[in-house]
Amino acid sequence: MASNSSPEKITIRQPDDWHVHLRDGFVLDTVVPMTARVFRRAIVMPNLSPPITSVDNAISYRQRILASLPSGLSFTPLMTVYLQDNLSREVLLRGFSEGVFTAAKLYPVNATTNSAQGVSDIRKIDSLLETMENIGMPLLIHGEVIDSSVDIFDREAVFIDRHLQPLLNRYPNLRVVLEHITTEHAVQFVESNLSTIAATITPHHLHINRNAMFDGGFRSDFYCLPVAKRERHRLALRRAATSGKPCFFLGTDSAPHLRAFKESSCGCAGIFNSPYALESYAEVFDQEGALDRLEAFASEFGPEFYGLPLNSRFLTLVRTPQIVPSKFKLDKGLDSCDYLVPFHAGESLRWSLDLNLASNLSI
Ligand code: NCD
Ligand code: ZN
């Protein structure tokens, strides 16, 4: 801990979010401040429509994100490129060497939201992976098979055995983040491999199991990909996140969707958790008796994996309960359906960010 051993209050180094969807257009004005309120940096996912596949698109997207930042907040969006079968090596080389791309994201085609233009077969991007291994550019993976004959609850485990293990064998020095892990199998796989692989863990996968989606009716607010699994897996994720092992770090996968797209006969996958993500993680670490490990998970292991400096500021969480709003109106929304429902909507969370200190982060 940076300071303060009192369980009523903890001060930690300012965290980063190593996996977030900020979207584009008018949504940015609502969601960017929510992430930037707490996180100093964030790995920004490239699954826009159309996706970010060029250096110039990433630069202009980064500018739009920064234009949505309220004055007084320091926030660095770390951009990623969306891998495609025919993406050129030159895009990776230029984007990485110019410091525009921090990493590249692999979406198996049609695995999740806006992945239709993703990778159809990992072997088709072998030359890109070889380049990334050579230049030290991390590969971020949405780890689910897209084989419809595989049960949706097994798709992560099958991906690991069928694709990830062979990939690590082919590229032993490639730095890989298996994003938003959801299974005991993923936990064991990541911790038993060498330091080239790490995993992000979301707050929602630490709080809910698959029952949440079917509690008294179908609840699309708890539908995301990879889908939440059985309780046994949730418990394995909680042990991993609070283990103090550097291969597990914070990545919210906050994925906002306008209400009309969640409340639909074909509702979108994605849970919007950025407004209270840190408080949500704090609740888990508190319940597990591991508050002293929150700082490393949230603020140290991510930068260490990416080879980036630790943040220099600190923020304080206090044990003051707060009720999470049931919805957030979008600042420039067009109609009454333009709102977002956050994770934990209407629930009470035990921890709050100390707003006095948050608005005046201490060095
Ligand atoms: C994400 C989205 O909406 O962009 N959805 C989700 O369920 N997590 C995409 C992703 O990360 O899979
Ligand atoms: Zn995501």
Side-chain angles (χ1 to χ4, degrees), residues 16-25 27-28 30-32 34-35 39 42-53 61 65 77-83 102-119 138-146 152-153 155-156 159 176-183 186 198-210 212-213 218-229 237 249-264 266-274 277 280 302 340-343:
D16 305 294
D17 185 351
W18 299 100
H19 182 131
V20 72
H21 300 268
L22 296 176
R23 310 305 190 203
D24 208 349
V27 177
L28 288 174
T30 301
V31 303
V32 169
M34 290 172 171
T35 289
F39 299 106
I43 289 272
V44 180
M45 289 296 131
N47 62 331
L48 302 183
S49 183
I52 301 294
T53 54
Y61 182 35
I65 294 168
L78 302 172
M79 310 311 288
T80 56
V81 57
Y82 183 107
L83 292 172
T102 298
K105 180 70 190 277
L106 163 55
Y107 290 103
V109 77
N110 291 332
T112 186
T113 307
N114 290 340
S115 60
Q117 298 175 60
V119 173
L139 172 69
L140 316 183
I141 300 182
H142 184 107
E144 290 191 285
V145 286
I146 43 165
I152 189 164
F153 294 100
R155 288 184 190 175
E156 181 176 278
F159 181 91
V176 173
V177 182
L178 184 56
E179 300 288 342
H180 39 50
I181 57 170
T182 59
T183 57
T200 50
I201 303 181
T202 75
H204 43 277
H205 289 115
L206 296 171
H207 279 276
I208 61 166
N209 64 29
R210 64 193 195 174
M213 282 181 295
F218 177 62
R219 295 180 179 270
S220 60
D221 286 328
F222 299 115
Y223 171 55
C224 65
L225 287 169
V227 70
K229 308 294 192 300
L237 294 171
F249 51 80
L250 185 156
T252 64
D253 193 23
S254 182
H257 289 281
L258 295 186
R259 201 63 198 146
F261 295 104
K262 284 301 274 182
E263 284 181 4
S264 150
C266 187
C268 293
I271 294 180
F272 171 54
N273 61 34
S274 62
S280 179
L340 302 170
V341 173
F343 186 49

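Whatever order the structure lists them in is the order used to number ligands and atoms, beginning at 1.
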So is Glu144 close enough to ligand 1, meaning a heavy atom under 4.0 angstrom away?
-> no
Looking only at N/O atoms, are Ala255 and ligand 1 under 3.5 Å apart anywhere?
-> no
Between the side chain of Asn273 and the main-chain N/O of Phe343, is any donor-acceptor distance below 3.5 Å?
-> no
Have a look at ligand 1 and work out which part of Arg23, if any, has a heavy atom under 4.0 Å from it: side chain, backbone, both or neither.
-> side chain
Could you tell me whether Phe153 atom CZ has more than 12 heavy atoms of other residues or ligands within 6.0 Å of it?
-> yes
Atoms in ligand 1 flagged as close to Gly270, the criterion being non-hydrogen separation under 4.0 Å | 5 (N), 6 (C), 7 (O)
Would you say Leu225 and ligand 1 have an N/O pair spaced under 3.5 Å apart?
-> yes
Shell check on the Zn ion (ligand 2): protein N, O or S atoms less than 2.8 Å away are His19 NE2, His21 NE2, Asp253 OD1
Within 4.0 Å of some non-hydrogen atom of His19, the atoms of ligand 1 are 11 (O)
Please list, chain by chain and in numerical order, all residues satisfying ring-ring contact (aromatic ring centres under 6.0 Å, His included) with Phe159, sequence neighbours excluded.
-> His163
His257 near ligand 1 by a heavy-atom separation under 4.0 Å | yes
Any His180 heavy atom less than 4.0 Å to ligand 1 = yes
Would you say Thr200's side chain and Gly251's backbone share a donor-acceptor pair under 3.5 angstrom?
-> no
If you scan protein heavy atoms around atom 5 (N) of ligand 1, the nearest is Ala269 O, 3.1 Å
Which heavy atom of the protein is the closest neighbour of atom 1 (C) of ligand 1, given with residue, atom name and distance?
-> His21 NE2, 3.6 Å
Minimum non-hydrogen distance to atom 12 (O) of ligand 1, winning option of Asn47, Ile271, Thr112 | Thr112
Backbone of Tyr223 reached by a side-chain donor or acceptor of Ser220 within 3.5 Å | no
Contact summary for Pro51 and Gln117, nearest pair of heavy atoms | CD-NE2, 3.6 Å
Would a line drawn from the ring center of His19 to the ring center of His21 be shorter than 6.0 Å?
-> yes
The protein heavy atom nearest to atom 8 (N) of ligand 1 is Asp253 OD2, 2.7 Å
Please could you name the atoms of ligand 1 that Cys224 approaches to less than 4.0 Å, counting only its heavy atoms?
-> 7 (O)
Does Asn110 reach the main-chain N or O of Ile146 with its side chain, forming a donor-acceptor pair under 3.5 Å?
-> no
Rounded to the nearest 0.5 Å, how far does NE2 of His180 lie from CG of Leu225?
-> 8.0 Å
With no hydrogens and no angle check, is any side-chain donor or acceptor of Lys262 less than 3.5 Å from a backbone partner on Asp221?
-> no
Please confirm whether the backbone N or O of Ala269 pairs with a side-chain atom of His257, one donor and one acceptor, at under 3.5 Å?
-> yes
Test side chain to side chain contact (heavy atoms under 4.5 Å, CB included), reference Val44, set Thr35, Thr102, Ile52, Leu22, output is Leu22
